[in-house]
K.L.:
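Handing you this structure, nothing more for now.
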There are 2 protein chains.
Amino acid sequence: MSDVTPRPRRSEATRAAILAAARERFAEDGYERATVRAIARQAHIDPSMVMRYFGSKEELFSQVIDVKLDIPDPDELAAEDVGTTIVGYFLDLWERDNVMVTLLRVGVTHPAGAARMREVFRTQVVPAVERFGYDPADAPRRAMLVSSQILGMALLRYVLRIGPAAEMSRADVIAWLGPTVERYITAPEP
Amino acid sequence: MSDVTPRPRRSEATRAAILAAARERFAEDGYERATVRAIARQAHIDPSMVMRYFGSKEELFSQVIDVKLDIPDPDELAAEDVGTTIVGYFLDLWERDNVMVTLLRVGVTHPAGAARMREVFRTQVVPAVERFGYDPADAPRRAMLVSSQILGMALLRYVLRIGPAAEMSRADVIAWLGPTVERYITAPEP
DNA sequence: TCTCGAAGTCAACGGTTGTTGGCCTACGAT
DNA sequence: ATCGTAGGCCAACAACCGTTGACTTCGAGA
């Protein structure tokens with residue numbers, strides 16, 4: 001029976017509630033301490049519902065960290081603003097929701113999280129840097145250098161929340177990191 | 001075997017064995033997955049011995065991450081080599097043993113680890129940057145900028161072990177990151 | 001109105017965790 | 001040779017974990 005009119009599917013509401021609760025718990029506590037029971041309690045449902053909707057904790061997690069970076073293309077920005085634009089874009093990405101925090105927090109301790117981080121780097125960051133075309137053959141190394149600066153700042157600012165990192169204004173972060181990122185992308189071999 | 005020492009104190013051996021095993025398990029698996037049983041198994045002793053010697057898992061961990069950075073003073077290095085010297089020093093620090101890997105891996109997911117990271121930053125990194133004296137009042141911000149670049153590289157290279165980061169030669173890392181760190185320490189406000 | 005399947009609840013399973021206390025054993029001092 | 005004691009092992013505890021299956025509730029189509 002292929003009925004075009006969708007069933008009431010009132011389950012969609014609770015499914016979304018579970019996902020939202022899982023996102024917050026994974027982001028805040030990491031994989032191990034974000035228990036199925038804690039996620040269920042926050043979503044106001046029974047722990048068994050989590051299994052019913054997502055099969056297992058591992059599968060639920062893999063849906064939580066499904067991330068699309070959507071790094072802007074070089075032709076969408078002025079050539080002299082490469083660094084500052086990239087830094088500003090990533091600040092937005094980290095502040096929009098807690099997916100990146102989750103990815104970093106879990107990626108450091110859980111094998112599946114680490115694998116996902118490597119995959120994101122290989123399939124999204126490296127190709128984005130390649131598109132800039134300053135030195136395509138060396139894109140992996142330049143992508144890694146950019147990632148190291150961005151991830152390091154995000155670690156201090158959004159995960160560890162160390163004073164000076166959390167309090168620094170957005171404009172100052174961009175002003176300091178922009179030239180660094182620009183050099184990593186555009187400078188010839190040092 | 002002629003024991004000249006007054007007390008055999010044969011417990012010192014197993015105490016050291018427990019500490020060594022704990023260092024490796026915490027560094028590799030993080031706080032939650034480094035179970036007391038796994039540590040005991042690797043040290044070839046009974047899990048109850050861990051409690052006898054260290055009281056609790058939490059206390060054992062706090063002894064594992066007792067870290068002294070010993071950042072070199074500015075008068076020990078040429079003024080024009082500030083950046084490259086600092087980067088080289090930290091590469092050694094991260095490769096000497098796994099204490100820094102442990103601190104980062106646990107600091108991201110466990111509250112006690114995060115607190116220790118903040119403490120190390122405040123009591124060791126900031127004063128070290130202050131000693132350089134380029135802009136003492138702004139030392140916390142400059143220390144944070146340097147830390148972001150060092151920690152980001154260490155994260156990719158020693159924790160996540162992402163290809164291009166792990167394969168890059170020591171000389172290349174220093175050549176790329178050195179100027180960045182130098183600018184964060186010595187440059188006037190951007 | 002009756003029926004039926006989906007949505008949700010409840011209690012329990014087996015396994016693992018940190019932690020504890022009782023027991024055994026070996027050895028230095030007497 | 002004996003004794004006291006510290007080092008080490010064993011078994012068990014309560015708590016918590018992810019996961020499962022049976023039971024109840026409820027709304028929509030006949």
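So that the names make sense, note that chain A is the first sequence line, chain B the second, and so on, each numbered from 1.
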K.L.:
What is the distance, rounded to the nearest whole Å, between atom CG of Leu60(B) and atom C1' of dT17(C)?
P.N.:
15 Å
K.L.:
Compare the minimum distances between each of dT19(C), dG18(D), dG7(D) and the side chain of Tyr53(B), then state the nucleotide with the smallest one.
P.N.:
dG7(D)
K.L.:
Just the rounded figure in Å: distance from C1' of dT17(C) to CE of Met51(B).
P.N.:
11 Å
K.L.:
Decide whether a cation-pi geometry holds between Arg15(B) and Phe54(B); the criteria are a distance under 6.0 Å from NZ or CZ to the six-membered ring centre and an angle within 45° of the ring axis.
P.N.:
yes
K.L.:
Grab the NE2-P distance between His44(A) and dT9(C) for me, whole Å please.
P.N.:
12 Å
K.L.:
Just the rounded figure in Å: distance from C1' of dG18(D) to CZ of Phe61(A).
P.N.:
16 Å
K.L.:
To the closest 0.5 Å, what do you measure between CD1 (Ile18(A)) and CD1 (Ile45(A))?
P.N.:
4.0 Å
K.L.:
Which heavy-atom pair separates Ala187(A) from Trp176(B) by the least distance, and what is that distance?
P.N.:
O-CH2, 4.0 Å
K.L.:
Is Ser48(B) touching bases, backbone alone, or none of the nucleic acid, heavy atoms closer than 4.0 Å?
P.N.:
base
K.L.:
For the side chain of Met49(A), starting at C-beta, report the closest nucleotide among dG8(C), dG18(C), dG8(D).
P.N.:
dG8(C)
K.L.:
When you match Asp46(A) and Arg37(A) each to their closest nucleotide on DNA chain C, which lands nearer the 5' end?
P.N.:
Asp46(A)
K.L.:
What is the distance, to the nearest angstrom, from the CZ atom on Arg52(A) to the P atom on dT19(D)?
P.N.:
15 Å
K.L.:
Between dT17(C) atom P and Tyr31(B) atom OH, what is the distance in whole Å?
P.N.:
13 Å
K.L.:
Looking at the side chain of Ser11(A), which of dA7(C), dC9(D), dC17(D) is the nearest nucleotide?
P.N.:
dA7(C)
K.L.:
Between Asn98(B) and Tyr158(B), is there a side-chain heavy-atom distance shorter than 4.5 Å?
P.N.:
no
K.L.:
Rounded to whole Å, how long is the line connecting atom CZ of Arg41(B) with atom P of dG18(C)?
P.N.:
11 Å
K.L.:
Could you state the CD-P distance from Glu12(B) to dG8(D), rounded to the nearest angstrom?
P.N.:
11 Å
